[in-house]
Amino acid sequence: MSIIKLKNVSKFYYSKGVIASGFSKINLSFNMGEFVAITGESGSGKSTLLNVISGLDTYEEGEMYINGEETSHYTEKDFEDYRRKYVGNIFQNFNLVNSYTVYQNIELVLLLNGNKKKDVKRKVIDLIKQVGLYKFRNTKVSKLSGGQKQRVAIARALAKDTPIIIADEPTGNLDSSSAKAIIKLLSEISKDKLVIIVTHNYEQVEEYVTRKIKMHDGRVLEDKKISEVKKIDERKSAKYKDITRVNKFRLGFRNTFNIIPKFLLIFAVYLFITIAIISEYASFKEQEYIESKSGENYIFSNISDKRIVLKKKDNSGFTDDDYKKISGIENIDYIVKNDLLLDSYINITDDSNFYLGGSVNNIENFRGDLDLGRMPENENEIIIQGSEDDYYLGYQGKSLLEHELYIQNQFNGEVDKSSKVKVVGIAYNKNTQDYNSILYMSDKFINKFSFEQNQAYSKIQILFMNKYRESNSYNTSFGIVSNSHVPKGEAYITSDLSYECPWENCINQTLSIDVNNLYYNEKLDLRISRTYDKRNMQNILGIEDFDSNNGLVYINEEDYNNLFNKANYQSSAFVIDPMKLDETLTELNDIGYKTLAIKDTLVSYGASEMIRIMKSVVTIILVIVLFFISYFVIRVILKSRNKYFSTIRMLGATKKVSKELLIIELLTVSNLAYFSFIILIYLNSINILNIGFMKTILTFLKFSDYLILYIIITLMSYLISQKFSKKLFKKSAMSTIVEEV
């Protein structure tokens, strides 16, 4: 039984509505051991016949049998399997991988057929020796002569160990000496195989062939047996397995770097994609962040993006240990223990028309440099940070230095002339759009303001003569004030209340103060020991202005502290790096504190949402545009790879394997580009490099952002390779090698 038999087989070509015949009604049989030469003038159909026999091209009519099996129903996958099992091709133009060495070209076919790299070395070396190229084994085939290249092609065909060797014009590009050696080698091979060659120079092969077939105009004119061949019953196909996963990656990596200019061009494309996408994403993150800072909040005055409001989860007061734990977190810069001061407005004034206000902070929390003056040295010395556009700070800043001022009560507006401060330093806001002022003071004044706040934010009731009276800081009716002249446990009240007491005498009556707020309750019973009026107020209290202070209840400073000098139940921590705010919030929650990032409380009237929508839309558009630009550029760059992928398909690689090799190659380059850029970003972060736009990336992108962008870039690379391979592999291997993608 013939290994190959053609029965009325015809091949047609269709091009722009025109049908052309490759060959028509061919009837031929081929047996093992034959060395067959097919001759004929150009265009006679001999090469087309060879392509059909080798499974590189299909036929339209008749039937071709392989080992007695019909092939008219074969799919492209079936012909791929056929080529792998039965056919070793030797091409006129060699179809070697010029960027591979002699060894790698022969090894390639074995790796594609499922052999392990360690198992093929001996066989490859033996084949190289058989074709006389051992000393060129590590030479790239691009540096070989035509005869040497053809020997490599023969060795590659033999490596498959298939029963059929098909050669198309194997001596067409060789000198007579090299041609004779090649034909002799093919003759020796044919002793246990079927060798079919197409040649235009029959005289070169005449003494070696066992059979001559002459074609003309797509038909067989002559089929002449030259000599008898030894009958060979063995017609086993070559054994093969699917390429191993390791070898796929090995070949994919090899293809990545084997042509350096091609690698550098694709690397540049992917580096451009990486930079464009990461930079665009970082710029939108920056815009989103800036927009979030421009929001408003009607509860908190200090809306710094570095501020975190803290409470304990059990609502108890903060202790020194709490502040130590909070300060121990790496990103914490400083703590404002009584953070209500940050949202309160304190005014300072003098006897003239000077008037300046701002929030209060501890001098220890001042960051930056002074523009005017010096740092405080005494308790009553303060520094002011504010806008240079402010009239007093900017235009009269120098005259303000060493100027003594009074503090105005933040709740009732009264000027406390006993609380004098001196401005010794001025710092201007670096953000020229920030017009808020901050008064940095010592603990003495911070504590005073804290007591006033606890009083102002508490519900205070005074039980006097069996009747509860409401007390607050906004008027003098039963307002509570500390005074050093009042003994502990006693209270001084206005003589105007005498009419409510028995016999209009309130001395030794009891006055009970009940303080109640969100965090604590405190009760204090005091004995009324004196009453004041306009005549004696200065003598017993040291206060001259009776009219402004009449109605207040004066108590001892220690008693006052017991009522209002309590633990801080709400504090604020300020971070060093606002970009790490989320991580800091997590750490604070983990060690037992309720947190509120001020930046999350700002209302921006939908602008931030618009930024997010714009970011998503523009990012999607950018990715799509970059995808198509990159695809067309890479398509041009990889045009030279048509021959490589067509060659491996002719050698038996399936479409699937060819696509996977391409995907591995492009993904390798895209990963190298991405991580090269990440290395540049890292070098910028440790100040080895100083690339301006990378500062934005470092500031606003987190690990999760880099991960998302990596997935996007990797997916883009995968889709580009899929689109390219779909175009590249949509036609037969033979058609692809001569057509543009």
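In this chain, numbering begins with 1 at the start of the sequence shown. Excluded from the calculations below are hydrogen atoms, water molecules and symmetry mates; all remaining heavy atoms, backbone and side chain alike, are included.
- Ala159 and Lys123 make their closest contact through O-NZ, 3.0 Å (heavy atoms, listed as atom of the first residue, atom of the second, distance).
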Can Arg156 and Val102 be said to form a side chain to side chain contact (heavy atoms under 4.5 Å, CB included), step by step?
-> CA-CA 9 Å; Arg156 183 181 64 184; Val102 169; over 6 Å; no
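- Put simply, CD1 on Ile106 and OG1 on Thr101 are 8.5 Å apart, with the number rounded to the nearest 0.5 Å.
- Residues Ser670 and Tyr718 have side chains that never bring a donor and an acceptor to within less than 3.5 angstrom of each other.
- Annotation for Lys5: atom NZ does not count as buried by contact number, only 12 or fewer foreign heavy atoms lying within 6.0 Å.
- Shown here is Tyr13, whose OH atom has more than 12 heavy atoms of other residues, nucleotides or ligands within 6.0 Å.
- Looking only at atom types and distance, the side chain of Ser717 has a donor-acceptor partner in the side chain of Tyr270 under 3.5 Å away.
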Going through the distances and angles, do Leu662 and Leu638 end up as a side chain to side chain contact (heavy atoms under 4.5 Å, CB included)?
-> CA-CA 10 Å; Leu662 176 61; Leu638 288 180; 4.0 Å; yes
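- Closest of all the heavy-atom pairs between Leu28 and Asp223 is CD2-OD2, 3.4 Å.
- Put simply, the side chain of Leu96 does not reach to within 4.5 Å of the side chain of Phe91, judged on heavy atoms.
- For the residue pair Gln148 and Ser145, a side-chain donor N or O sits within less than 3.5 Å of a side-chain acceptor on the partner.
- Taking both residues in full, the closest heavy atoms of Ile243 and Leu111 are given as CG1-O, 3.3 Å, listed atom of the first, atom of the second, then distance.
- Within the 4.5 Å cutoff, side-chain heavy atoms of Phe693 are placed close to those of Ile275.
- Looking at Val198 and Leu49, their side chains never come closer than 4.5 Å, going by heavy atoms from C-beta outward.
- Considering only heavy atoms from C-beta on, Arg219 comes within 4.5 Å of Ser24 through its side chain.
- Exactly one residue among Thr274, Ile624, Leu626 makes a side chain to side chain contact (heavy atoms under 4.5 Å, CB included) with Met716. That residue is Leu626.
- Residues Lys214 and Tyr202 have side chains not in contact (no heavy-atom distance under 4.5 Å, counting atoms from C-beta outward).
- Across all their heavy atoms, Ile664 and Lys248 have their closest contact at CD1-O, 3.6 Å.
- At distances below 3.5 Å, not a single donor-acceptor pair connects side-chain atoms of Thr39 with backbone N or O atoms of Thr199.
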Under the side chain to side chain contact (heavy atoms under 4.5 Å, CB included) rule, what do Val131 and Phe136 come out as? Steps first, then yes or no, please.
-> CA-CA 11 Å; Val131 296; Phe136 298 102; over 6 Å; no
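- With Ser725 contributing its side chain and Gln722 its backbone, the two residues share a donor-acceptor pair below 3.5 Å.
- Distance check: Glu665 CD to Phe249 CZ gives 13.5 Å after rounding to the nearest 0.5 Å.
- Contact of the Tyr86 side chain with the Ile66 side chain is registered, since non-hydrogen atoms from C-beta on lie closer than 4.5 Å.
- A donor-acceptor pair under 3.5 Å is absent between the side-chain atoms of Lys11 and the main chain of Gly45, judged by distance alone.
- Using a 4.5 Å heavy-atom cutoff, the side chains of Ser44 and Phe23 are not in contact.
- Taking Tyr674 as the reference, Tyr710 meet the ring pair (Phe, Tyr, Trp, His ring centres under 6.0 Å) condition, with sequence neighbours excluded.
- A salt bridge links Arg254 to Glu107: at least one charged side-chain nitrogen sits closer than 4.0 Å to a carboxylate oxygen.
- Looking only at distances, no side-chain donor or acceptor of Ser190 sits under 3.5 Å from a matching main-chain atom of Val195.
- Heavy-atom minimum distance, Ile26 versus Gly218: CD1-O, 3.8 Å.
- A donor-acceptor distance shorter than 3.5 angstrom exists from the side chain of Thr162 to the backbone of Gly88, with no hydrogens or angles considered.
- Salt bridge Glu76/Arg649: present, at least one basic N to carboxylate O contact under 4.0 Å.
- Open room surrounds NZ on Lys184; 12 or fewer heavy atoms of other groups in view lie less than 6.0 Å from it.
- Atom-to-atom distance recorded for Glu660:CD and Ser658:OG is 9.0 Å, nearest 0.5 angstrom.
- Side chain of Asn8 to backbone of Glu61: no donor-acceptor contact under 3.5 angstrom is found.
- For the pair Lys180 and Asp175, the salt-bridge criterion is not met [side-chain N within less than 4.0 Å of a carboxylate O].
- With respect to Lys656 and Glu80, no salt bridge is recorded, no charged nitrogen being found less than 4.0 Å from a carboxylate O.
- Between Glu63 and Ser72, the side chains place a donor N or O and an acceptor N or O closer than 3.5 Å (distance only, hydrogens not considered).
- In the model, Thr668 has no side-chain atom that pairs as donor or acceptor with a side-chain atom of Asn671 under 3.5 Å.
- Summarising the geometry, atom CD1 belonging to Ile213 is positioned 7.5 Å from atom CD1 belonging to Ile196; distances are rounded to the nearest 0.5 Å.
- Taking each heavy atom of Glu41 and Met215 in turn, the nearest pair found is OE1-O, 3.9 Å.
- Between the side chains of Asp168 and Ser47, a donor-acceptor pair is found at a separation under 3.5 Å.
- Formation of a donor-acceptor pair under 3.5 Å by the Asn51 side chain with backbone atoms of Asp57 is not found in this model.
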Could you go step by step and tell me if Val124 and Lys121 meet the side chain to side chain contact (heavy atoms under 4.5 Å, CB included) rule?
-> CA-CA 5 Å; Val124 174; Lys121 185 175 182 179; 6.0 Å; no
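- With respect to Arg84 and Asp242, a salt bridge is recorded, a charged nitrogen being found less than 4.0 Å from a carboxylate O.
- Listed by chain and number, the residues in a ring pair (Phe, Tyr, Trp, His ring centres under 6.0 Å) with Phe267 are Phe263 (sequence neighbours excluded).
- At least one donor-acceptor pair under 3.5 Å links the side chain of Thr244 to the backbone N or O of Asn247.
- In this structure, Val152 and Phe94 have side chains that are not in contact, with every pair of non-hydrogen atoms separated by 4.5 Å or more.
- From Leu112, atom CG reaches atom CG of Leu651 across 6.5 Å, with rounding to the nearest 0.5 Å.
- Crowding of Tyr706 atom OH: a count of heavy atoms from other residues, nucleotides or ligands under 6.0 Å exceeding 12.
- Cation-pi geometry between Arg137 and Tyr134 is satisfied (NZ or CZ under 6.0 Å from the ring centre, within 45° of the ring normal).
- Considering CG of Leu719 and OG1 of Thr714, their distance stands at 11.0 Å, rounded to 0.5 Å.
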